*Asks:* 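Sending over a structure as structure tokens; questions will come in a sec.
In the text below, chain A, chain B and the rest are named by the order of the sequence lines, each starting its count at 1. Values reported hereafter were calculated over all heavy atoms of this structure, with side chains retained and with hydrogens, waters and symmetry mates removed. Everything numeric in this text was worked out from a predicted model, so none of it was measured.
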There are 2 protein chains.
Amino acid sequence: VLVDGRPLRTIRWSGEAVEVIDQTRLPHELVLVRWRTLDDAAAGIERMQVRGAPLIGVAAAHGMALAVAEDPSDAAVAAATARLAATRPTAVNLTWALERVQAELADAPIEQRAGLARSLADTMADEDVATCRAIGEAGLPLLVDAAERAGRPDGAVHVMTHCNAGWLATVDRGTALAPVYAAHEAGLEVHVWVSETRPRNQGALTAWEMEQAGIAHSFVADNACGHLLAQGWVDLVLVGADRIAANGDVANKVGTYLKALAARAAGVPFVVLAPTSTVDLSCRSGADIPIERRAAEEVTEVRGPLPEGAWATVPVARAGTPAHNPAFDVTPAALVSHIVTERGAVSPDAL
Amino acid sequence: VLVDGRPLRTIRWSGEAVEVIDQTRLPHELVLVRWRTLDDAAAGIERMQVRGAPLIGVAAAHGMALAVAEDPSDAAVAAATARLAATRPTAVNLTWALERVQAELADAPIEQRAGLARSLADTMADEDVATCRAIGEAGLPLLVDAAERAGRPDGAVHVMTHCNAGWLATVDRGTALAPVYAAHEAGLEVHVWVSETRPRNQGALTAWEMEQAGIAHSFVADNACGHLLAQGWVDLVLVGADRIAANGDVANKVGTYLKALAARAAGVPFVVLAPTSTVDLSCRSGADIPIERRAAEEVTEVRGPLPEGAWATVPVARAGTPAHNPAFDVTPAALVSHIVTERGAVSPDAL
């Protein structure tokens with residue numbers, strides 16, 4: 001994508017360091033940070049400087065490259081893999097990426113490992129871009145169909161999304177939002193209902209992406225999404241996924257399931273878009289997917305910039321209020337209309 | 001209720017002024033403010049210093065008393081009624097309270113109106129307390145049943161609620177939370193899942209009430225509620241109402257409908273508790289209920305105290321992000337297990 005007219009990916013090499021967009025500062029500030037060590041990368045993934053299942057996988061591959069540049073021994077590779085695997089338990093792309101890197105390194109002589117790990121990180125980044133582009137092309141007909149079915153006077157299609165599964169969640173282009181970009185480029189009128197996505201407010205990332213791209217959008221509280229669907233103001237729901245089980249159950253950002261229920265009640269298609277690396281055939285159903293619990297403070301506090309340029313953490317509830325913070329939920333396959341990967345759109349029971 | 005050991009109602013007379021708890025400062029600070037004029041009262045209701053359908057009705061009656069003390073003429077009474085009726089369009093208790101005051105004043109000689117309006121405000125406050133107590137008693141058996149059905153080793157019942165329909169939403173005791181207080185007093189183990197209730201975060205009021213009363217609770221993002229219900233961690237959902245249509249459809253704080261869908265999917269009873277003054281037989285269905293839209297900034301900003309004691313407004317999205325902010329949604333009667341009023345618990349089709 002272009003940001004302020006310049007092409008920008010979420011992750012890239014800058015000399016011997018990995019440079020990423022610090023997404024905890026967006027949408028308020030566009031800040032690039034450099035990871036120089038494995039620990040920088042692992043902490044950056046944990047603290048959600050980068051987030052989004054596809055980007056987490058690619059970022060982990062970059063973290064492996066940093067680790068191997070320091071120490072290419074078998075023991076160091078195993079330790080780095082374990083450290084990165086522990087950062088985020090739900091996104092299966094992370095495991096997938098680490099297994100791929102580990103397998104390729106295992107077959108390589110020690111002295112070639114550093115170069116191999118770095119070129120593998122590059123390859124995985126490029127593959128992610130190509131995959132996202134293919135997801136956009138495979139998803140575009142669903143938007144065209146929805147626009148036709150809606151038959152609005154202006155021909156527009158009203159899409160609802162949750163969290164951020166745009167280019168910021170990938171290396172470029174996005175998953176759930178890839179067809180939105182494709183539709184916008186094809187001249188289809190698109191309006192996106194952007195849900196805030198408490199507690200981490202990733203909807204603000206989606207709103208920022210839409211603003212950058214000049215795509216019409218409205219920011220809404222997560223709570224408003226049932227009302228919007230019931231009122232007939234949504235033609236299609238598009239979301240990403242952190243892990244898809246063999247039976248088509250989908251783990252995605254907490255709150256996805258509520259939108260799926262409301263879409264079903266309103267007769268609106270509910271579409272999940274993700275690379276095939278998100279499908280985990282070793283999970284028979286959603287019940288097998290581990291759900292990450294994050295810190296209580298994410299729910300009881302909100303962080304943001306003050307007019308003076310300082311960053312403030314303001315409490316929502318009183319300090320010490322007991323809180324529970326699951327980061328994901330599971331949407332049963334029965335509520336999913338289509339799963340779209342780089343290979344095309346299928347019904348969830350056809351996985 | 002007792003706050004810091006002292007009995008406290010949400011609204012009361014203090015000399016010639018009306019004293020209310022400024023709920024925009026809770027849960028961070030307990031601040032009492034005084035309304036001396038009709039305009040103070042109307043602005044206080046609009047700005048949500050007081051909120052909750054039952055309390056809005058009683059507060060409007062107090063606002064009428066302030067207006068009539070100033071000018072008891074027919075023209076002034078009509079103007080005050082119009083001013084207060086325009087503050088919040090969805091809560092029908094507001095209309096109900098204003099019509100009652102207006103009817104009683106119309107029959108009274110000018111010189112008696114000031115005293116009458118004030119005693120009527122007192123009567124309505126006392127009636128609200130009695131009504132809430134009766135709602136608690138009528139709802140208690142539903143908690144006892146839910147605890148028995150759940151059959152947990154500790155005998156506890158896990159209740160989910162939305163927004164704040166506790167004593168802060170009434171004069172005292174609450175509506176949705178009245179049976180929780182009754183159960184706690186009766187020695188039943190209760191745990192309350194408190195949803196944040198973006199964009200205005202009234203869940204923090206509920207958490208504060210629970211903390212004051214010593215009732216176990218957990219604060220969660222609205223998005224987490226589908227996951228909690230699907231996991232079997234909720235035995236009963238209790239919510240208030242801003243208006244109930246003749247067919248049993250319920251308008252309540254936006255996000256209520258999503259919880260009702262998830263409760264139905266999980267086979268968990270979904271119970272609406274409100275005084276009979278919330279039932280509006282002139283609305284045939286939820287489609288006839290006007291849904292208030294509030295300012296975009298409520299969604300794009302969060303307000304809270306800083307450690308230094310100042311209050312900050314931090315942006316969630318970027319300034320100027322287009323936002324849409326419906327304050328209520330409609331839950332169809334088919335998703336409601338029981339409607340509990342001061343007269344007892346009934347099925348919504350038996351209204």
*Asks:* So what's closer than 4.5 Å to chain A heavy atoms on B:N325: side chain, backbone, both or neither?
*Replies:* neither
*Asks:* Using non-hydrogen atoms only, which part of B:L306 is less than 4.5 Å away from chain A: side chain, backbone, both, or neither?
*Replies:*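 B:L306 touches chain A through side-chain heavy atoms alone.
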*Asks:* Under 3.5 Å, is there a donor-acceptor pair linking the side chains of A:N164 and A:R51?
*Replies:* yes
*Asks:* I want to check something: taking the side chain as every heavy atom from C-beta on, are B:T331 and B:F270 in contact at a cut-off of under 4.5 Å?
*Replies:* yes
*Asks:* Look at B:A296, B:P326, B:G255 and state which one has the largest set of heavy-atom pairs under 4.5 Å with chain A.
*Replies:*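 Of the options given, most contacts go to B:G255.
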*Asks:* Would you call B:R88-B:D242 a salt bridge at under 4.0 Å N-O?
*Replies:*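 Result for this pair is no, no salt bridge flagged.
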*Asks:* Can you tell which part of B:I291 gets under 4.5 Å to a heavy atom of chain A, answering side chain, backbone, both or neither?
*Replies:* side chain
*Asks:* Measure distances from B:W311 to the heavy atoms of chain A and classify the residue's part below 4.5 Å as side chain, backbone, both or neither.
*Replies:*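 No part of it gets close to chain A.
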*Asks:* Only pairs of heavy atoms separated by less than 4.5 Å count here; which of A:P315, A:A204, A:G226, A:A312 has the most with chain B?
*Replies:* A:P315
*Asks:* Is A:L228 in contact with chain B via its backbone, its side chain, both, or neither, using a 4.5 Å heavy-atom distance?
*Replies:*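 Answer is side chain: those atoms of A:L228 sit under 4.5 Å from chain B.
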*Asks:* Select, from B:T256, B:D329, B:V254, the one with the greatest count of heavy-atom pairs under 4.5 Å involving chain A.
*Replies:*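 That would be B:V254.
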*Asks:* For the residue pair B:W233 and B:W193, categorise the inter-ring angle as parallel (less than 30°), tilted (30 to 60°) or perpendicular (more than 60°).
*Replies:*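 Aromatic pair B:W233/B:W193 classed parallel.
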*Asks:* Looking at B:A327, B:A317, B:A216, which one has more heavy-atom pairs under 4.5 Å with chain A than the rest?
*Replies:*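 That would be B:A317.
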*Asks:* Among A:P322, A:A323, A:A230, A:A319, which residue has the highest count of heavy-atom pairs closer than 4.5 Å to chain B?
*Replies:* A:P322
*Asks:* Under 4.5 Å, counting heavy-atom pairs only, tell me which of B:V302, B:L261, B:V316, B:T321 racks up the most with chain A.
*Replies:* B:V316
*Asks:* Under a 4.0 Å threshold between the charged nitrogen and the carboxylate oxygen, would B:R303 count as salt-bridged to B:E301?
*Replies:*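 Result for this pair is no, no salt bridge flagged.
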*Asks:* Under 4.5 Å heavy-atom distance to chain A, tell me which part of B:L229 shows up: side chain, backbone, both or neither.
*Replies:*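 Answer is neither: B:L229 stays 4.5 Å or more from chain A.
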*Asks:* Hey, could you give me the CD1/CZ distance between B:I289 and B:F328, rounded to the nearest 0.5 Å?
*Replies:* 10.5 Å
*Asks:* Please report the interatomic distance CD(A:E298) to CZ(A:R198), rounded to the nearest 0.5 Å.
*Replies:*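 That separation rounds to 9.0 Å.
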*Asks:* Using the rule side-chain contact (heavy atoms from CB on, under 4.5 Å), only one of B:L32, B:L30, B:V31 pairs with B:R25; which is it?
*Replies:*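 So, applying the side-chain contact (heavy atoms from CB on, under 4.5 Å) to B:R25 and each of B:L32, B:L30, B:V31, only B:V31 qualifies.
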*Asks:* Any chance you could lay out the salt bridge (Lys or Arg N to Asp or Glu O under 4.0 Å) test for A:R243 and A:D280, step after step, and finish with the verdict?
*Replies:* CA-CA 7 Å; A:R243 195 182 301 212; A:D280 182 0; 2.8 Å; yes
*Asks:* Which region of B:A224, side chain (C-beta onward) or backbone (N, CA, C, O), has a non-hydrogen atom less than 4.5 Å from a non-hydrogen atom of chain A, or is it both or neither?
*Replies:* both
